[in-house]
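Position 1 is the first residue of the sequence; numbering continues from there. Just so it is clear, the model here is predicted, and its values are computed rather than measured. Basis for what follows: all heavy atoms, side chains included, without hydrogens, waters or symmetry-related copies.
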Amino acid sequence: MDYRQLAKEHLENMQLPGKSRWQQDFIGVPSNGFILFYIELRQEVLPKDISNAMGVSTARVAIALNELAEKELITREIDDDDRRRIIVKLTPKGRKVSAEQKQKFIDGMAEFLTKLGEHDAKEYVRIMGRIVEMVRKDKS
């Protein structure tokens, strides 16, 4: 049984669009980590998109983006097509940190899944994937 592959599948389930606040809390990724994952998946995003995905205020997102920018993990650029919009992207350092956080999550989740055993680990990932599907349907 490849528990690391199962952990990767679980992480992919949790990164599906339409995730709710409880999912972000459940997977145990700090909000800044969630933001890095979110940007990594989409390459460039608007702060409003992050706010909607996390279910938090744009003010909270602005604080988090300021922290990430101070650490040189993201850049914010004015959209050439609409100068009122700010586009957020990962820096090379941000991509590295995001990859490290993702690997840390996969390692920890693989250890957790190993303790569950093969049958229960597969069921856990299957059920969590199903919950994500239901949440997505409720949001649409």
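Note: Thr75 OG1 to Lys89 NZ = 6.5 Å, rounded to the nearest 0.5 Å. Atom CG in Leu65 sits 8.5 Å away from atom CG in Asn32 (nearest 0.5 Å). From Ile74, atom CD1 reaches atom CD1 of Ile87 across 13.0 Å, with rounding to the nearest 0.5 Å.
Closest of all the heavy-atom pairs between Ala121 and Leu113 is CB-O, 3.5 Å. Contact record, Tyr38 with Asp49: OH-O, 3.5 Å, taken as the closest heavy-atom pair. Scanning both residues, Ala62 and Arg76, for their nearest heavy atoms gives O-NH1, 4.4 Å. Considering all non-hydrogen atoms of both residues, Ser57 and Ser51 come closest at C-OG, 3.6 Å.
In summary, Lys104 and Glu100 do not engage in a salt bridge, as defined by a charged side-chain N under 4.0 Å from a carboxylate O.
A search for side chain to side chain donor-acceptor pair (under 3.5 Å) contacts involving Ser98 returns Glu40, not counting sequence neighbours. The salt bridge (Lys or Arg N to Asp or Glu O under 4.0 Å) search around Glu67 returns none, not counting sequence neighbours. Taking the side-chain contact (heavy atoms from CB on, under 4.5 Å) definition, one finds that Lys122 meets it with Met1, Leu6, Glu118, sequence neighbours left out.
Using a 4.5 Å heavy-atom cutoff, the side chains of Ile35 and Val88 are not in contact.
With hydrogens and angles ignored, the 3.5 Å screen pairs a side-chain donor or acceptor of Lys93 with a backbone N or O of Lys71. One N or O on the side chain of Thr91 and one on the backbone of Glu72 form a donor-acceptor pair closer than 3.5 Å. Distance alone, capped at 3.5 Å, places no donor-acceptor pair between the Arg85 side chain and the Leu46 backbone.
Aromatic ring centres of Tyr124 and Phe112 lie closer together than 6.0 Å.
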